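Since this is a predicted model, take the numbers as computed values, not measurements. Starting from 1, each residue takes its place in the sequence as its number. All ligand and atom numbering here is 1-based and tracks the order in the structure.
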Amino acid sequence: MSDANAAPGGETVALRLPNGEHELKVVHAVEGAPGIELGKLLASTGYITHDPGFVNTGAASSAITYIDGDAGILRYRGYPIEQLAQKSTFIEVSYLLIYGELPTKTQLDDFTEKIQRHTLLHEDLKAFFSGFPRDAHPMPVLSSAVSALSTFYQDSLNPFDEPNVELSTIRLLAKVPTLAAYAYKKSVGQPLLYPDNSLGLVENFLRMTFGFPAEPYEVDPEVAKALDLLFILHADHEQNCSTSTVRLVGSSEANLFASISAGINALFGPLHGGANAAVLDMLEGIKNDGGDVANFVSRVKNKEKGVKLMGFGHRVYKNYDPRAKIIKNTADEILGKIAGGDELLDIAKKLEETALSDDYFVERKLYPNVDFYTGLIYRALGFPTKYFTVLFALGRLPGWIAHWREMIQDPATKIGRPRQIYTGETERDYTPLEQR
Ligand SMILES: CC(=O)SCCNC(=O)CCNC(=O)[C@H](O)C(C)(C)COP(=O)(O)OP(=O)(O)OC[C@H]1O[C@@H](n2cnc3c(N)ncnc32)[C@H](O)[C@@H]1OP(=O)(O)O
Ligand SMILES: O=C([O-])CC(=O)C(=O)O
């Protein structure tokens, strides 16, 4: 086969397959990222591409988030993550991701007000929380509750009914923080609070999580600011596992609530969003073993079963994750202000330093990802480890919604349906039970 990647956009190159020579058109979807219509060509010739983990499969066209993994660049709708982190707010970023442009003041006020009006849950939905076991993990509690929204808003299940998709979007942005706070309250056995709609989205969530009914709760502005920043940094990451799940489920024309619930379940795993909790467990384990970072790193390099450097490595970033850079730079400040420092932060930094000067990690281009430093901040804000991935889900919600809407509106969308390479038995005859 010719070196197709070397050909400039618009040209055709020859692809030689056992069934003949084919012309392959080279397309440039994004500057610097050549795409080749190989998939379409192979499908037409009957070949199946074996790509476990979809390492090299472009499953969608998207105008939402741009990543250059080699250069460590992340942009939402063209805006660098560094600028958004410094200047924007989570609610504004949510608007940007979903509608494509930064809002005007009137648009932002209107969006904020709509969300504030929809934060309440139906009383029957609140009753779900008493059905889960007390020690239930808050992630499946959240995904079940989001799935249950489909049963309360049955008028909003048609994915092509635009006004109702808009309403479902607002309902999700408004109600998921309430559901997330209730998942927390359930896990600590405390009473649920009604939302206070005079508060902003993050402040309201903090109050419902840490406040008590009929007691005043002062939101610490430093805590709200730190959480808002983390939500911005998590808000989208193109075709990651949970977003791809949302798109895959939605490609069958399943409704928005069902698709987001599936995304929450995909996020739960420790190789994806669950890594933020796994990092903290890892750091605590190292601390309890006397802080021997070098020993832990050699266990990772020896590929000891179940031992990985959690919060390290990424499918797309082969350079420092720009979000991890921002979080690392702010962790000292935030932890200093809120918790007066943190011993685990010192272990994390030592771990990073040891890994980044080791050939094993250098050769494999393994750097800290978004999950490496976040858990330390969540812990300082008062969240238990088990709850960290729920916070990731709150941040990722607008990205999931934006992708679902983009997918539903895209005429090129087809039901997601990968093929397989069959490795089982060839045809054989049935043996009656008494002869086996
Ligand atoms: C929000 C997010 O989802 S960010 C990711 C969060 N997940 C984690 O932090 C979990 C730890 N990291 C990982 O498991 C992986 O790096 C993933 C899942 C993120 C990416 O996986 P992949 O792109 O499939 O990379 P892959 O597993 O092929 O790794 C390539 C090589 O690096 C090694 N490697 C990758 N990540 C790590 C790690 N965290 N610790 C040790 N070695 C690692 C692999 O063992 C493999 O080595 P090999 O070539 O000797 O077999
Ligand atoms: O993009 C990915 O593969 C993982 C992810 O969600 C992120 O890094 O935020």
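Near A275, meaning under 4.0 Å from any of its heavy atoms, are these atoms of ligand 1: 6 (C), 7 (N), 8 (C), 9 (O). If you number the atoms of ligand 1 from 1 as listed, the ones under 4.0 Å from a heavy atom of V300 come out as 40 (N), 41 (C).
Counting only heavy atoms, the protein gets under 4.0 Å from atom 34 (N) of ligand 1. Checking atom 2 (C) of ligand 1 against the protein gives a heavy-atom contact under 4.0 Å. Less than 4.0 angstrom separates atom 27 (O) of ligand 1 from none of the non-hydrogen atoms of the protein. The protein reaches atom 8 (C) of ligand 1 closely, with a heavy atom under 4.0 angstrom from it.
A donor-acceptor contact closer than 3.5 angstrom is absent between the side chains of E238 and S62. Using a 3.5 Å distance cut-off with no hydrogens or angles, the side chains of T374 and N276 do not pair a donor with an acceptor. T385 and D281 share no side-chain donor-acceptor pair at under 3.5 Å. Residues Y99 and Q107 have side chains that never bring a donor and an acceptor to within less than 3.5 angstrom of each other.
Counting heavy atoms under 4.0 Å from ligand 1, residue L366 touches it through the side chain alone. Residue H237 does not touch ligand 1, judged by heavy-atom distances below 4.0 Å. At a heavy-atom cutoff of 4.0 Å, ligand 1 is contacted by both the backbone and the side chain of H272. Heavy atoms of F392 found under 4.0 angstrom from ligand 1 belong exclusively to the side chain.
Classified by interplanar angle (parallel below 30°, tilted 30° to 60°, perpendicular above 60°), the ring pair Y184/F383 is perpendicular.
Proximity of N240 to ligand 1 is not established, as no heavy-atom distance is less than 4.0 Å. Not close to ligand 1: G53, with no non-hydrogen atom less than 4.0 angstrom away.
At least one N or O atom of F312 sits closer than 3.5 Å to an N or O atom of ligand 1. Taking any N or O of L309, backbone or side chain, at least one lies under 3.5 Å from an N or O belonging to ligand 1.
Nearest to atom 42 (N) of ligand 1 by heavy atom, out of F361, Y360, Y317, is Y360. Relative to atom 46 (C) of ligand 1, the option among R364, E363, H234, R396 with the closest non-hydrogen atom is R364.
For ligand 2, the protein residues placed under 4.0 Å by at least one non-hydrogen atom are H237, N240, H272, H314, R323, R396.
With values rounded to the nearest 0.5 angstrom, S156 atom OG is found 12.5 Å from I170 atom CD1.
Within the 6.0 Å centre-distance limit, the rings of H237 and Y317 are counted as a close aromatic pair.
At the top of the distance list for atom 6 (C) of ligand 1, counting protein heavy atoms only, stands L271 O, 3.2 Å. Ranking the protein heavy atoms by distance from atom 45 (O) of ligand 1 puts K303 NZ, 3.5 Å first. Given atom 25 (O) of ligand 1, the protein heavy atom at minimum distance is R315 NE, 4.9 Å.
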